Each structure stands twice: as C-alpha cells, then as structure tokens.
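Structure, as structure tokens:
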Amino acid sequence: MPDLTIPAFTTRGLTKVYGEGRSAVHALRGVDLEIPQGEIVVLLGPSGSGKSTLLNIIGGLDRATDGTAHFRNQSLSDMTDAELTRYRRNHVGFVFQFYNLMPSLTAHENVELVTEIAADPMDPDEALTLVGLKERTDHFPAQLSGGEQQRVAIARVISKQPEVLFCDEPTGALDSATGRAVLEVLRDVNTRLGSTLLMVTHNANTAAMADRVIHFADGNIREVVRNETKISPAEIEW
C-alpha cells in the first residue's frame with residue numbers, strides 16, 4: 001500500500017525545449033507542481049500551452065530538457081530508458097483520443113494483450129464489465145460504436161490496474177452523450193481502483209468533475225483551482 005502522504009507527482013523547474021536557436025519551441029518553462037495521489041486532475045489550456053508535454057514527461061514517454069520530475073519518491077529524470085519502460089508497464093496507463101485497437105482482435109482479445117505483460121492483471125472480462133461492455137466481449141472494433149471502442153481502450157488500460165491513468169483528449173472524437181458516458185467510466189475507475197487520473201481536455205466544462213484543475217498558458221501553470229464541490233459527468237454541459 002503506497003504512502004498516501006507522498007504526492008503522486010512532483011515537478012520542480014520542469015523545462016522542455018524542442019529544437020535550437022531561433023526556431024526553438026519552449027513547451028514548458030519551469031513548471032513547479034504537486035499532484036496528490038488518488039485525485040482526478042484536469043489540465044486545461046489552448047493548444048501549445050504545454051499540458052500534453054507535461055503529461056508525456058511524467059508519463060515516461062518523453063524527457064525534460066531541465067528540471068526534475070518525481071513519481072512518489074522515484075526520480076523519473078534519473079531513470080534509464082529501460083527503467084522508464086518498467087515504470088510505464090507497472091504503474092501507468094494511457095488513454096488517447098484515438099482508440100488504437102487491433103481491428104483483427106475482439107474486445108476481449110484487445111484487452112488480453114495487456115494482461116499478458118502486466119504484473120497483477122485483472123481478468124479481461126472483469127475489465128470489460130467494469131466499463132459496461134460485458135455483452136460485447138466477442139465483438140470486433142468495426143462492430144462497436146466510437147464510444148464503445150473508447151471504453152474497450154479504457155478496459156485495456158485498467159486491466160493492468162495502473163496506479164496512474166493519463167488521458168489525452170479521451171472524449172475529443174465523441175458526441176456529448178457518448179463523451180459523458182466515457183467520463184462516467186473514468187470517474188468509476190478512479191473511485192474503484194483509487195487510480196490517480198490526469199486528463200488533458202479542451203472542454204472546460206469537464207473541469208467541474210475534477211478534484212483539481214490546472215490551467216496552462218505559454219508553457220507554464222497560470223492557476224491551480226481546487227474544486228470544493230464536484231458534479232457528475234452526467235451533469236456536464238457539452
């Protein structure tokens with residue numbers, strides 16, 4: 001059982017620069033941040049503000065140019081590539097805007113792909129039941145709606161019972177009703193598994209379901225807002 005008094009993530013002076021000279025792009029400009037364990041955190045900001053870059057660095061997909069990033073008391077900045085791979089495999093799950101399902105595999109088989117490499121996997125059928133797809137386990141992606149495919153993608157991620165779930169525009173390709181249904185699933189995962197959930201979105205109304213909202217602008221944090229009263233995804237205006 002992890003020590004819940006330790007933040008899930010801590011960054012200090014986190015900087016990311018792409019390119020050099022006049023063409024250099026400063027995606028992050030010295031970000032200081034602490035994210036408590038078990039919270040739903042929404043990152044808001046215009047395109048290019050740095051929110052996805054932050055997600056990629058603390059998710060172990062990219063490295064900072066300068067500064068430090070810690071997962072609990074482990075330094076992500078000092079990890080080798082092999083250690084970052086183990087970190088992603090053992091602790092982290094990713095949900096993206098596009099579902100990245102294998103078209104030739106059923107929903108059950110798509111989820112099973114992850115359980116074969118996870119340290120403490122959930123049964124694929126249990127994961128699909130958790131996202132409301134118990135009756136669709138033998139269906140192929142082409143036989144599923146966009147919302148159902150996204151829920152299979154979420155089931156695939158949660159089947160390895162990650163301690164952290166990173167979601168980058170998970171409802172960006174969905175209509176309002178389907179988007180709310182997917183957000184309901186993500187909230188349930190946070191509640192049932194206790195996973196820390198970080199979500200990048202352009203939909204500012206989604207912030208109302210979060211414990212904490214981080215506003216990004218020009219590569220830095222403009223404001224952090226703690227929601228004293230949260231609403232359910234069903235109440236979110238699209």
Side-chain angles (χ1 to χ4, degrees), residues 1-12 14 16 28 31-43 50-64 67-97 99-101 110-124 126-128 130-131 150-170 182 185-201 210-212 214:
M1 182 78 178
D3 183 351
L4 297 181
T5 64
I6 300 174
F9 293 99
T10 305
T11 71
R12 293 289 180 264
L14 201 66
K16 181 64 179 181
L28 294 177
V31 171
D32 296 331
L33 178 65
E34 285 191 2
I35 297 175
Q37 295 186 58
E39 285 196 354
I40 296 176
V41 179
V42 166
L43 287 73
K51 53 193 189 300
S52 292
T53 300
L54 174 68
L55 219 65
N56 288 338
I57 291 173
I58 63 177
L61 293 174
D62 200 0
R63 291 184 181 275
T68 61
H70 283 77
F71 169 64
R72 298 184 183 145
N73 53 6
Q74 302 176 56
S75 172
L76 298 174
S77 313
D78 295 331
M79 287 185 182
T80 64
D81 289 346
E83 289 169 335
L84 283 175
T85 297
R86 286 194 292 273
Y87 161 68
R88 293 192 302 269
R89 179 186 300 153
N90 296 330
H91 301 286
V92 174
F94 294 93
V95 178
F96 299 104
Q97 179 176 350
Y99 323 124
N100 300 317
L101 300 178
N110 265 284
V111 176
E112 195 172 36
L113 281 175
V114 170
T115 63
E116 291 176 353
I117 62 170
D120 182 26
M122 182 186 297
D123 181 82
E126 181 183 352
L128 286 164
L130 187 60
V131 300
Q150 185 62 294
R151 283 189 280 161
V152 172
I154 294 170
R156 181 177 57 190
V157 168
I158 66 174
S159 66
K160 67 175 186 176
Q161 304 196 71
E163 293 148 283
V164 184
L165 196 58
F166 293 101
C167 304
D168 199 345
E169 296 288 354
V182 166
V185 169
L186 292 173
R187 185 191 62 172
D188 288 347
V189 170
N190 167 261
T191 301
R192 297 189 195 191
L193 299 184
S195 303
T196 304
L197 173 62
L198 286 87
M199 179 163 50
V200 165
T201 180
D211 295 291
R212 193 177 304 265
I214 301 173

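Residues take their numbers from the sequence shown, with the count starting at 1. Because the structure is a prediction, the values reported are computed rather than measured.
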Inset, instruction - Output, in order, the C-alpha distance, side-chain angles, deciding distance and verdict of side-chain contact (heavy atoms from CB on, under 4.5 Å) for Ile158 and Leu130. - result: CA-CA 9 Å; Ile158 66 174; Leu130 187 60; 3.3 Å; yes

Legend entry - side-chain contact (heavy atoms from CB on, under 4.5 Å) between Ile35 and Arg212, worked out: CA-CA 9 Å; Ile35 297 175; Arg212 193 177 304 265; 5.7 Å; no

Legend entry - Derivation of the side-chain contact (heavy atoms from CB on, under 4.5 Å) call for Leu128 and Val111: CA-CA 8 Å; Leu128 286 164; Val111 176; 4.0 Å; yes

Inset, instruction - Take Val92 and Tyr87, measure what side-chain contact (heavy atoms from CB on, under 4.5 Å) needs, and give me the verdict at the end. - result: CA-CA 7 Å; Val92 174; Tyr87 161 68; 3.5 Å; yes

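Aromatic ring centroids of His70 and Phe9 lie 6.0 Å or more apart.
Closest approach of Leu101 and Arg156 over heavy atoms only: CD2-NH1, 3.6 Å. Of all the heavy atoms in Thr196 and Ala8, the pair that sits closest is OG1-CB, 4.0 Å. Between Gly67 and Ser77, the shortest heavy-atom distance links the atoms O-OG, 3.8 Å. Contact between Ala64 and Leu14 at its shortest, heavy atoms only, is CB-CD1, 3.5 Å. Minimum interatomic distance between Glu34 and Pro36 (heavy atoms only, all atoms of both residues): O-CD, 3.9 Å.
The shortest distance between side-chain heavy atoms of Pro162 and Val157 falls below 4.5 Å. For the pair Ile214 and Val42, the minimum side-chain heavy-atom distance is 4.5 Å or more. Side-chain contact check for Leu186 versus Ile40: every heavy-atom pair is 4.5 Å or farther apart. You'll find the side chain of Pro121 stays beyond 4.5 Å of the side chain of Lys160, heavy atoms only. Between Cys167 and Leu197, some side-chain heavy-atom pair lies under the 4.5 Å cut-off. For the pair Glu112 and Val114, the minimum side-chain heavy-atom distance is 4.5 Å or more.
Separation of atoms CG (Leu76) and CG (Asp62) is listed at 12.0 Å; rounding is to 0.5 Å. Considering CE of Met79 and CZ of Arg86, their distance stands at 9.0 Å, rounded to 0.5 Å.
The aromatic rings of Phe96 and Phe94 lie parallel to each other, with less than 30° between the two planes, well short of the 60° mark.
Of the possible donor and acceptor atoms, one in the side chain of Arg151 sits under 3.5 Å from a partner among the backbone N and O of Val131. A donor-acceptor pair is defined here as one N or O able to donate and one able to accept, closer than 3.5 Å; such a pair exists between the side chain of Gln37 and the backbone of Ile6. In this structure a side-chain-to-backbone donor-acceptor pair under 3.5 Å is present from Asn190 to Ser195. Side chain of Gln150 to backbone of Pro170: a donor-acceptor contact under 3.5 angstrom is found. Checking side-chain atoms of Thr80 against main-chain N and O of Glu83 turns up a donor-acceptor pair under 3.5 Å. With hydrogens and angles disregarded, no donor-acceptor distance shorter than 3.5 Å links the side chain of Ser159 to the backbone of Met122.
Side-chain contact check for Thr85 and Arg88: at least one donor-acceptor pair (N or O, by modelled atom type) lies under 3.5 Å.
For Arg63, the salt bridge (charged side-chain N to carboxylate O under 4.0 Å, His left out) criterion is met by Asp81, not counting sequence neighbours. Listed by chain and residue number, Glu184 satisfy the salt bridge (charged side-chain N to carboxylate O under 4.0 Å, His left out) test with Arg187 (two or more places apart in sequence, or in another chain).
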With a 3.5 Å cut-off and sequence neighbours excluded, list the donor-acceptor pairs that the side chains of residues 51-61 form with protein atoms.
residue: Lys51; atom: NZ; partner: Gly45; partner atom: O; Å: 2.7
residue: Lys51; atom: NZ; partner: Pro46; partner atom: O; Å: 3.1
residue: Ser52; atom: OG; partner: Asp168; partner atom: OD1; Å: 3.4
residue: Ser52; atom: OG; partner: Asp168; partner atom: OD2; Å: 3.2
residue: Asn56; atom: ND2; partner: Ser52; partner atom: O; Å: 3.4

